[in-house]
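The structure appears right after this line, and notes come after that.
Below, chain A is the first sequence line, B the second, and so on; all start at residue 1.
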Amino acid sequence: MANILTLLFNGISEGALYFLMASSLSIILGLMGVVNFAHGALFVWGAYVFRMVFIQTGSFFFGIMAAMVAGFVIGFIFEKLFVSRVYGNVGAQIMITLGLSIVFTELIRVFWGPTPLIVTRPEFLAGVSHIQLGGVGTVIISHYRLFLIIVGVVIAILGHLLLTKTRIGMTIRAGVQSGEMVSALGININLYFTLVFAAGGALAGLGGALFAPLSQSINPEIGNMFQLDAFIVVVIGGMGSFMGSAVGSLFIAIMIALIGWYVPALSSVAPVTIMALVLIFRPQGLFSLLGLLRQAVKK
Amino acid sequence: MILQRLDTIRKIEVVIIVALAIVLLIVPHVAGTATVTMVSRIMIFAVFAMSYDILRGYVGVIHLGYALFIGGGAYFVGILFTQFGVGIPMLLLAVVGTSVYSAIWALIVGKISGKSGMIATAMITMAFAEIMRSLMTSWFTVTRGADGLPFRVPPPFNDRTMMFYASFIFMVIMAFLLYKFTKSPTGRVWQAVRENEQRAIFLGYNTNRARTIALLVASVVGGLSGVMFGLLNRFVNTDLLDMQMTINAMLYSLIGGTGTLFGAILGSALVVYFQNLLLDLRGVHFIFERWLLFIGALYIVVVMFMPRGIMGFYYDWKDKRAQKKRLLQEAKLPPQLNDEA
């Protein structure tokens, strides 16, 4: 029992990382119809820039900030110079972001070498608490994982408020519904495209920066790994849905944690199988079911 | 326009193709082993890329797990040879096994692409290849994971020259078959699906069926190229199931010309040669160790500035010429007069 609780806790904390990747991917996909196959590269850049700044300045906070700035800037460059030229051509978008992902992952190898690098956790988050629960045993709570959950929740709330309560968010949601209509109303939708893409890059960078101290070892391959899981979350949560990706992240992360512990042989197969089943039977996403229910209740 | 173009092969083109084929056949008698192996690899990759072009260029499916087929075929050969002994019967079994395996993947992908569109297909196929790679990595006792599985191959394939001719025959047969397919009624429907699926549906074509057939043909041919690649390399590891192999297939067909089929042969020759060149430059500067950087950059440049590839350029030029000729004939004017006007 305590074992399951620990696994759940670990799963939720990794869900926070998936959420950072998947929510930005999902919004970019919803707004621009672009699957950013270079999102993993942004994640890796976040991790490496974080490590560099963290070691240089010794400040965890500066490291995180630098990673987000790096993600924002690279995302901005991706959109402005490359992706914006192929809007409307799905094939070219997929291929160009794939090419960017290869080039930027290789650049990591050029600058920092292909071998894994070690990252330490900041001292104030390095601890572990053992919580004694009457009757069920000891649950192990890593402080860093707790911090991840808090960051995930904060980002989810901020993102939700930004999307539902502000004018910018309203425009983005309107753009997801119909980009043409938005630009017909005199709003510069291209500016929003660039900003959303860059902000998505910043979130991916943040994800990478937060992942580095969690695994304590980073290599250029981690981006692709996380990107695949983020794709699965995006499909399961419904493409273009912010809250859907939050629910999807939790679902996938907890599932991976539980299966990874009890049936490790299936840990890589199970999520993709679920993705395939969702695509065949519910292409609109598993958690758009929640939205449908809510609508039915309102009526 | 595109339909017309496929029908008209000019005499000069036939002459060039036959001349190239003869030059190719002489290669093993004049070149060293390294070159012979490289050209064999080019020819096998050309088949892999042509089958990819059926999907990307003809029917408009972006399959990001294409490594499943070249890797799968090579693993069938490798595992059967190491587990059950080297021999022609095992090779035949590998061919059958690969075909079935490729067909199963094709049916799954066909089901998904019919329901959820291009983007979802791209995402899921990428995940499929990744699953297969992790399965092969974890099945360490048989596949030896990333370290790879070396094996012996039966005669006549153990001779470099014979392997070269085998690859050549393989390429010619597959190119002919795929060309016939693109010219068949089903092939015409593929192009209709790529250009405007909705319209094709309205015209009464079963586009899902056409797409599934394309996936079946392409996947099986891709799998067979994996069998050939296994025979050539006598070694298979998880790198063959890596995303990189899919990117290679995309790059070959892209540079040669998407939707031109034979362009893939040209693209494969150019890129494999370029890769070898970059690897040779490793001693000059350490940056060439990261040859993938250059391949990736080349790939972006081609997608952005040369989306129709080399053969695309050639066909455009040919079209323009034919059009000019037709206009001149219609006007019934001597060419020099028309030019002055």
Side-chain angles (χ1 to χ4, degrees), chain A residues 25 29 33-35 37 41 81-83 85-86 89-111 114 221 224-225 227-232 234-235 239 264-285, chain B residues 55-57 60-65 108-135 137-139 194 242-244 246-247 250-251 254 258 286-287 289-305 307:
Chain A
L25 257 176
L29 180 58
V34 174
V35 190
F37 280 92
L81 294 185
F82 301 100
V83 180
R85 298 186 184 217
V86 288
N89 181 349
V90 177
Q93 282 162 4
I94 293 174
M95 301 219 259
I96 219 162
T97 49
L98 265 179
L100 288 171
S101 130
I102 296 176
V103 169
F104 275 78
T105 310
E106 278 304 298
L107 282 176
I108 291 274
R109 295 197 172 98
V110 171
F111 292 143
E221 298 289 317
N224 287 334
M225 244 166 55
Q227 182 172 298
L228 267 181
D229 289 334
F231 281 171
I232 297 173
V234 168
V235 166
M239 304 184 200
L266 290 180
S267 62
S268 64
V269 180
V272 179
T273 313
I274 289 186
M275 182 187 185
L277 292 176
V278 168
L279 280 177
I280 291 174
F281 296 107
R282 272 194 71 79
Q284 67 272 46
Chain B
L55 291 186
R56 166 89 187 91
V61 170
I62 297 197
H63 197 309
L64 292 186
I108 296 175
V109 175
K111 189 86 187 155
I112 289 169
S113 68
K115 284 249 182 179
S116 334
M118 199 189 236
I119 289 177
T121 310
M123 281 156 60
I124 189 96
T125 46
M126 191 177 191
F128 282 158
E130 208 47 42
I131 292 191
M132 206 59 197
R133 191 166 76 129
S134 77
L135 282 181
T137 310
S138 51
W139 198 19
R194 179 194 61 194
D242 195 87
M243 187 67 203
Q244 192 49 47
T246 309
I247 303 258
M250 287 174 115
L251 188 62
L254 204 65
T258 307
F286 79 91
I287 190 92
E289 188 101 3
R290 306 255 67 91
W291 53 272
L292 199 54
L293 191 64
F294 298 91
I295 297 285
L298 176 70
Y299 180 78
I300 295 174
V301 168
V302 173
V303 173
M304 285 182 74
F305 302 110

Choice from Pro114(A), Gly99(A), Gly33(A) maximising heavy atom contacts with chain B below 4.5 Å
Gly99(A)
Could you give the distance from [atom1] ([X]) to [atom2] ([Y]), rounded to the nearest 0.5 Å?
X         : Y         : atom1 : atom2 : value
Met275(A) : Phe128(B) : CE    : CZ    : 8.0 Å
Ile131(B) : Thr273(A) : CD1   : OG1   : 5.0 Å
Lys111(B) : Phe281(A) : NZ    : CZ    : 7.0 Å
Ile108(B) : Leu279(A) : CD1   : CG    : 12.5 Å
Leu98(A)  : Thr246(B) : CG    : OG1   : 9.0 Å

Select, from Gln244(B), Arg56(B), Met243(B), the one with the greatest count of heavy-atom pairs under 4.5 Å involving chain A.
Arg56(B)
Among the options Val303(B), Leu135(B), Ile300(B), pick out the one with the most heavy-atom pairs lying under 4.5 Å from chain A.
Ile300(B)
From CA spacing to verdict: side-chain contact (heavy atoms from CB on, under 4.5 Å), Ile102(A), Ile295(B)
CA-CA 9 Å; Ile102(A) 296 176; Ile295(B) 297 285; over 6 Å; no
At a 4.5 Å cut-off on heavy atoms, which part of Gln227(A) comes close to chain B: side chain, backbone, both, or neither?
side chain
Residue pair [X] / [Y]: nearest heavy atoms and the distance that separates them:
X         : Y         : result
Met304(B) : Leu81(A)  : CE-O, 3.5 Å
Val272(A) : Ala127(B) : CG1-CB, 3.7 Å
Val103(A) : Gly296(B) : CG2-C, 3.5 Å
Ile62(B)  : Gly91(A)  : CD1-CA, 3.2 Å

Where on Leu251(B) is there a heavy atom nearer than 4.5 Å to chain A: the side chain, the backbone, both, or neither?
neither
Could you tell me which portion of Met123(B) (side chain, backbone, both or neither) has an atom closer than 4.5 angstrom to a non-hydrogen atom of chain A?
both
